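First up is the structure itself, then whatever we jot down about it.
Just the heavy atoms: all of them, side chains too, but no hydrogens, waters or symmetry mates, feed the values below. In this text, all values refer to a predicted model and were calculated from it rather than measured experimentally.
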Amino acid sequence: MPGVEIASQLVEALRTAGRVVALTGSGISAESGVPTFRDAQTGLWARYDPQELATPEAFARNPRLVWEWYEWRRDLVGRAQPNPAHQALVELETRAPDFTLITQNVDGLHQTAGSRAVIELHGNIRRTRCSQEGVIIEEYGDGRPPRCHRCGDFLRPDVVWFGEMLPPGALEEASEAARGCDLFLSIGTSSLVYPAAGIPYEALENGATVVEINPSETPLTPRANFVLRGRAGEVLPELLAMSSG
Ligand code: BV8
């Protein structure tokens, strides 16, 4: 993809911003080899719609199928490495006077890259919890799905499924950051999944400068102050390099 034009006003906005917020979606992990949420799943999973599988109903109907889907994704994510986009946000966390990273992703790659404070709106596929008690379970058998050694109910991935509430406090913390920031970066998200997709509009309402980094159009595009039509792994490091010093 040819180099993306980055406006000097945006470079200046990043250089002078006091409070910066980044909201990431699965597109930021695309260059790490993790398929985005809506990309056709590969191989065995090609015939399933992620939006169907990531639901309590699917888990109730076919716990083994859903568990095995997550096992496949967990294995894939476990082999993925952070890419320059994740690393650029680690640098931004050290450079900006006040930085908040909000992610919709469940792959944990921001933490692997070294981001210290990450608001995980949709949980984390690397954690497993008891379906009944909600407690995180570190050790479990090889059942598919395994059962909780405490109550005997099925274990499940510690992620937020469609139709489920977000983790208590996560959305409030994310909204508060969006309402108080100078610069808001929406990176690698189709801006379709709510309530996460509503967060950039709170930044807009508070008068923040909103930037979208995505190779494609999204419903946010017409409202963004700047649109960097490119891949996060190329655009973010370039933006940081231009605004440093
Ligand atoms: C809830 C975890 C219900 C599981 C996920 C209005 C208000 C509230 C709710 C709703 C509402 N309208 C509809 C709803 C229901 C639903 C929803 O939003 N549905 C949508 C589809 C219409 N929301 C919910 O159910 C949420 N729960 O609201 O509670 C409730 C409400 C009130 C009271 C009681 C209950 C829960 C949503 C969370 C679902 N869980 N993940 C798992 O992963 O298995 S969401 C899932 O989608 C992933 O987390 C993913 O991150 C997320 C968003 O997708 P994206 O990250 O944007 O990924 P996508 O593939 O779509 O796009 C990738 C983008 O990257 C593309 O734009 C592409 O161009 C770009 N890209 C590609 N390559 C690159 C790139 N960008 C940069 N660089 C690249 N190289």
Side-chain angles (χ1 to χ4, degrees), residues 23-30 32-80 102-112 118-172 174 188-199 214 216 218-219:
L23 168 67
T24 63
S26 55
I28 198 169
S29 298
S32 297
V34 180
T36 64
F37 197 74
R38 278 164 192 74
D39 272 353
Q41 302 292 312
T42 54
L44 171 69
W45 303 104
R47 63 176 178 278
Y48 295 103
D49 171 3
Q51 220 151 286
E52 288 304 312
L53 282 184
T55 62
E57 293 76 17
F59 189 64
R61 195 171 47 245
N62 194 335
R64 178 181 178 132
L65 175 73
V66 174
W67 178 264
E68 289 179 340
W69 181 51
Y70 279 93
E71 284 290 82
W72 173 72
R73 288 175 63 192
R74 209 191 323 268
D75 175 56
L76 194 150
V77 156
R79 285 185 278 113
I102 308 162
T103 190
Q104 301 172 86
N105 299 342
V106 296
D107 58 29
L109 287 176
H110 285 302
Q111 293 92 325
T112 307
V118 185
I119 301 174
E120 292 182 315
L121 295 179
H122 297 156
N124 188 313
I125 198 170
R126 299 171 194 244
R127 292 191 300 266
T128 297
R129 71 173 195 247
C130 171
S131 300
Q132 183 62 36
E133 304 162 285
V135 290
I136 299 296
I137 305 288
E138 306 275 350
E139 308 283 324
Y140 45 83
D142 52 10
R144 294 192 292 196
R147 289 193 178 272
C148 173
H149 62 276
R150 299 151 49 108
C151 75
D153 203 338
F154 281 137
L155 301 187
R156 57 166 282 180
D158 187 34
V159 299
V160 178
W161 280 331
F162 287 97
E164 292 187 324
M165 297 296 283
L166 273 56
L171 185 61
E172 292 73 12
T189 178
S190 58
S191 295
L192 292 173
V193 173
Y194 282 83
I199 297 170
N214 193 320
S216 312
T218 77

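- Side-chain contact between W67 and N62: absent, with no pair of heavy atoms (C-beta onward) separated by less than 4.5 Å.
- Ring-plane geometry between F154 and F59 is classed as perpendicular, the angle between the planes exceeding 60 degrees on a 0 to 90 degree scale with a lower cut at 30.
- If you take CD on Q132 and SG on C151, they are separated by 5.5 Å, rounding to the nearest 0.5 Å.
- Checked by atom type and distance alone, the side chain of N105 never pairs as donor or acceptor with a backbone atom of S29 at under 3.5 Å.
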(request) Decide salt bridge (Lys or Arg N to Asp or Glu O under 4.0 Å) for R156 and E164; before the verdict, give the C-alpha distance in whole Å, the side-chain angles of both, and the deciding distance to 0.1 Å. (result) CA-CA 14 Å; R156 57 166 282 180; E164 292 187 324; 2.7 Å; yes

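- Under the 3.5 Å distance criterion, the side-chain polar atoms of D49 are matched with a main-chain donor or acceptor of Q51.
- Side-chain N or O atoms of S32 include none that pairs as donor or acceptor with a backbone N or O of V34 at under 3.5 Å.
- The side-chain heavy atoms of I137 and V135, taken from C-beta on, include a pair separated by under 4.5 Å.
- A distance of 9.5 Å separates CH2 of W161 from CD of E57, quoted to the nearest 0.5 Å.
- You'll find the side chain of Y70 reaches within 4.5 Å of the side chain of V159, heavy atoms only.
- Here the straight-line distance linking atom CD of E133 with atom CZ of R150 works out to 4.0 Å at 0.5 Å rounding.
- Between T36 and A30, the shortest heavy-atom contact is CG2-CB, 4.0 Å.
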(request) Just do the side-chain contact (heavy atoms from CB on, under 4.5 Å) check on L171 and I199 with the steps written out, would you? (result) CA-CA 9 Å; L171 185 61; I199 297 170; 4.0 Å; yes

(request) Assess whether side-chain contact (heavy atoms from CB on, under 4.5 Å) is satisfied between T103 and L23, documenting all intermediate values. (result) CA-CA 6 Å; T103 190; L23 168 67; over 6 Å; no

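- Using a 4.5 Å heavy-atom threshold, the side chains of H110 and T112 count as separate.
- A cation-pi contact, defined as under 6.0 Å to the ring centre and within 45° of the axis, links R73 to W69.
- Considering all non-hydrogen atoms of both residues, P167 and V160 come closest at CD-CG2, 3.7 Å.
- Closest heavy-atom contact between T55 and E52: OG1-O, 2.8 Å.
- No hydrogens or angles considered: a donor-acceptor pair under 3.5 Å links the side chains of E120 and Q111.
- When only modelled atom types and interatomic distance are considered, D153 and S131 share no side-chain donor-acceptor pair under 3.5 Å.
- Put simply, the side chain of R129 never gets that close to the backbone of L155: no donor and acceptor are under 3.5 Å apart.
- Between L76 and P35, the shortest heavy-atom distance links the atoms CD2-CD, 3.7 Å.
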Using distance only, find each side-chain donor-acceptor pair of residues 141-149 under 3.5 Å and give its atom names and separation, not counting sequence neighbours.
{"residue": "R144", "atom": "NE", "partner": "E68", "partner atom": "OE2", "Å": "3.2"}
{"residue": "R144", "atom": "NH1", "partner": "E68", "partner atom": "OE2", "Å": "3.4"}
{"residue": "R147", "atom": "NH1", "partner": "G152", "partner atom": "O", "Å": "2.9"}

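- T189 has its side chain out of reach of T218: every pair of non-hydrogen atoms, C-beta onward, lies at least 4.5 Å apart.
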(request) Begin from the C-alpha positions of D158 and N124 and carry the test side-chain contact (heavy atoms from CB on, under 4.5 Å) through to its verdict. (result) CA-CA 6 Å; D158 187 34; N124 188 313; 5.5 Å; no

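- A distance of 7.5 Å separates CD1 of I136 from OG1 of T128, quoted to the nearest 0.5 Å.
- With rounding to the nearest 0.5 Å, the separation of CD in E172 from CG in L166 is 8.5 Å.
- Checked against side chain to side chain contact (heavy atoms under 4.5 Å, CB included), L192 has the following partners two or more places apart in sequence or in another chain: R38, S190, P219.
- If you check the side chains of Q104 and S26, you find no donor sitting under 3.5 Å from an acceptor.
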